[in-house]
Amino acid sequence: MTENAPNTAEFTDFRPEARAPRGFADKRASQIAIERKLIANVSKVYEDFGFEALQTSAFEYADALGKFLPDADRPNVGVFSLQDDDDQWMALRYDHTAPLARFAAQNWETLPKPFRRYAFGPVWRNEKPGPGRLREFMQCDADTVGTDRPEADAEIIALAVAGFKANALPTVLRINNRKLLNGLLASLGVDSAGQQMGVLRAIDKLDRLGLEGVQLLLGGGRKDESGDFTKGAGLNDAAIAAVLSFVAAGRDASGGQAERGAVLDKLAAVLANSPEGQAGLEDLSRISTALAGLGVAESEALFDPSIVRGLEYYTGAVFEAELLMETRDEKGNLVKFGSVGGGGRYDDLVARFTGERVPATGFSFGVSRLAAALALADSGAETGAVQPVRGPIVIIAFSEADMGEYFKLAADIRAAGLAVEVYLGRSGMKAQMKYADRRLSPAVVMLGGDEMANGTVTIKDLDQGRELAGKISDNKEWREARPGQVTLPRAEAINHLKSIVNG
RNA sequence: GCCGUCUUAGCUCACUUGGUAGAGCGCCAGAUUGUGGCUCUGGAGGUAGCUGGUUCGAAACCAGCAGACGGUACCA
């Protein structure tokens, strides 16, 4: 906008409301910085473990994304989809796993196997947004395709733990195996899909509702505080008792988290009659051995039979990462972030394309959610994770005639590796100083009439003034103090600026 | 999807039973011809979410819709 721009109202009567779509958020520099750092740290860990980078397209054909085929009436439930010119349905990816399965199936012949890749980027889900839950968010995934070894699962777990560690994020990874859950359901004689789903959903709510809530959901149902009634799975008392003892196997005598070995022993008793359950225990046992070798501590990764994850494609081990950091919003209310990452084994996903079973396992790191958690955590405490973004050095624009000189000086400073800009507004000196202050600029460079005449520049270290500002209440004194301000020969300017910027 | 609460200036919120909108913060300017903070003074900024209804008159009452928030469900 320039001074001469006519009022836009003269062009049109329609004035759209300036707002981002529901569930989509703008990210300012400090938020972007957090996300970039998270991604960089996690990528490094993934590469150290031998995973190669892969980027796939944002859109996939809808059939490649799996069960979320848009139906004619409601093409946009769950995913964002649209119909291409040739009438084929395309949809924005909702995670990185389905695109990987497509890529692996498409390139299987030529890939080194097992194929290990990591990927990061936004994913989109068309659903109701909530706190810490947007319709566009960033994930960073690592997956191993083409091996059924439980050690591959263990390595993914170690990788996830290392990723959180690299970012100094206090988390715990909870591990379970779908085969245990399936074995439990089979031994209980629960074979209708609807009832199975009901039982699994009930188990999944252990952390939030406790044993009592789970018990209600397994039986007749449960009424929550809002008066909403959730229908139960309708199990009989004996079956409910069996499920509860299965879930309780994750706890030690005092109600805390039991050690990995102890959990397996308890589960072995509960699942004694189930072949599939025994197979799951065998997998977990090998994972446990591998985790010990990988140096993953009990406090970092534990077995928790109540972990279920999504109901669709997991076939074996499942993992879920929980953030242990306390976060509060601006009003001081506790914010619960829930899962900040998860994954598991999905042995049937590639087979959708090729007909041939290709075992795979992976983990997804919830970058956006973690970044949001860090930003909140830092607004209260000072973890050092969130740094305010510093502005550039600002060259004050005094006169129209000298703009060329300002740009010449800016180029010299830039060549020395420092960020700098010439003030391009039309405001006076005071406003320019204010501008530099708000950008958190380290310094201002003044090349006015006096300096031009004398071959000098005046440089003002803004941080020194920021420190002094609180101590001086009198304006005259403040202005005369000219904190951190020096006038020196132009040849010395760049070295002085360097010393200010580099502290 | 379901239940509940809410929607007035950029932000946070007022406006005693319906009579034509205000504060704090922020922003801009001046006090301070080339100097950020503090202080003081002045100024800009509002179709009261939208649409319709009741009324002489609606920000206020009613209805529908939209959006926000909270809970619940779902979460690949």
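Here is how names work: the chains are called A, B, and so on, in the same order as the sequence lines, proteins then strands, and each is numbered from 1.
- Among the protein residues, A:Arg439 comes within range of no part of the nucleic acid, since none of its heavy atoms lies under 4.0 Å from any strand.
- Contact annotation: A:Lys434 side-chain N/O to B:rU35 OP1/OP2 distance is not under 4.0 Å.
- Look at CE on A:Met429: it is 14 Å from P on B:rG30, rounded to the nearest Å.
- The side chain of A:Met433 lies closest to B:rG36, out of B:rC75, B:rA76, B:rG36.
- Figure legend. B:rG1 is base-paired to B:rU72; pairs are counted as Watson-Crick or G-U wobble with both atom distances under 3.5 Å.
- By the 6.0 Å contact criterion, CD on A:Glu467 is open, its count of non-hydrogen atoms from other residues, nucleotides or ligands being 12 or less.
- Contact check, A:Arg309 against B:rC74: no side-chain N or O comes under 4.0 Å of OP1 or OP2.
- Taking a cutoff of 4.0 Å between a charged side-chain nitrogen and a carboxylate oxygen, A:Asp463 and A:Arg466 qualify as a salt bridge.
- A donor-acceptor contact under 3.5 Å links the side chain of A:Lys460 to the base of B:rU35.
- The residue A:Glu480 sits apart from the nucleic acid: no heavy atom pair falls under 4.0 Å.
- In this structure, CZ in A:Arg345 is found 6.0 Å from CG in A:Asp148, a value given to the nearest 0.5 Å.
- With A:Phe51 as the aromatic partner, A:Arg116 meets the cation-pi criteria of under 6.0 angstrom to the ring centre and within 45 degrees of the ring axis.
- Aromatic ring centres of A:Phe365 and A:Phe164 lie closer together than 6.0 Å.
- Of the candidates B:rG36, B:rU32, B:rA76, B:rU32 carries the atom nearest the A:Asn475 side chain, counting heavy atoms from C-beta on.
- Checking B:rG36, B:rC74, B:rA76 against the side-chain heavy atoms of A:Lys205 singles out B:rC74 as nearest.
- Listed candidates were B:rA76, B:rG34, B:rG36. Nearest to the side chain of A:Trp478 is B:rG36.
- Closest contact between the side chain of A:Pro483 and the listed nucleotides B:rG36, B:rC74, B:rG34 involves B:rG36.
- The nearest heavy atom of RNA chain B to A:Asp474 and to A:Ala431 marks one nucleotide each, and the one closer to the 5' end goes with A:Ala431.
- Projected onto RNA chain B by closest heavy-atom contact, A:Gln485 and A:Gly23 fall at different nucleotides, the more 5' of which corresponds to A:Gln485.
- Of the C1' atoms belonging to B:rG4 and B:rA60, the separation is 22 Å, rounded to the nearest Å.
- Contact between the side-chain N/O atoms of A:Arg438 and the OP1/OP2 oxygens of B:rG26 is not found at any separation under 4.0 Å.
- In the set B:rG36, B:rA76, B:rU35, the nucleotide with an atom closest to the side chain of A:Met446 is B:rU35.
- Within 4.0 Å of A:Gly428, counting heavy atoms only, lies no atom of the nucleic acid at all.
- Among the nucleotides B:rG34, B:rC75, B:rA76, the one closest to the side chain of A:Arg482 is B:rG34.
- Ring-base stacking between A:Phe398 and B:rG34 is not satisfied when judged by a centre separation under 5.5 Å and a plane angle under 30°.
- In terms of phosphate contacts, A:Arg479 brings no side-chain nitrogen or oxygen within less than 4.0 Å of OP1 or OP2 of B:rC38.
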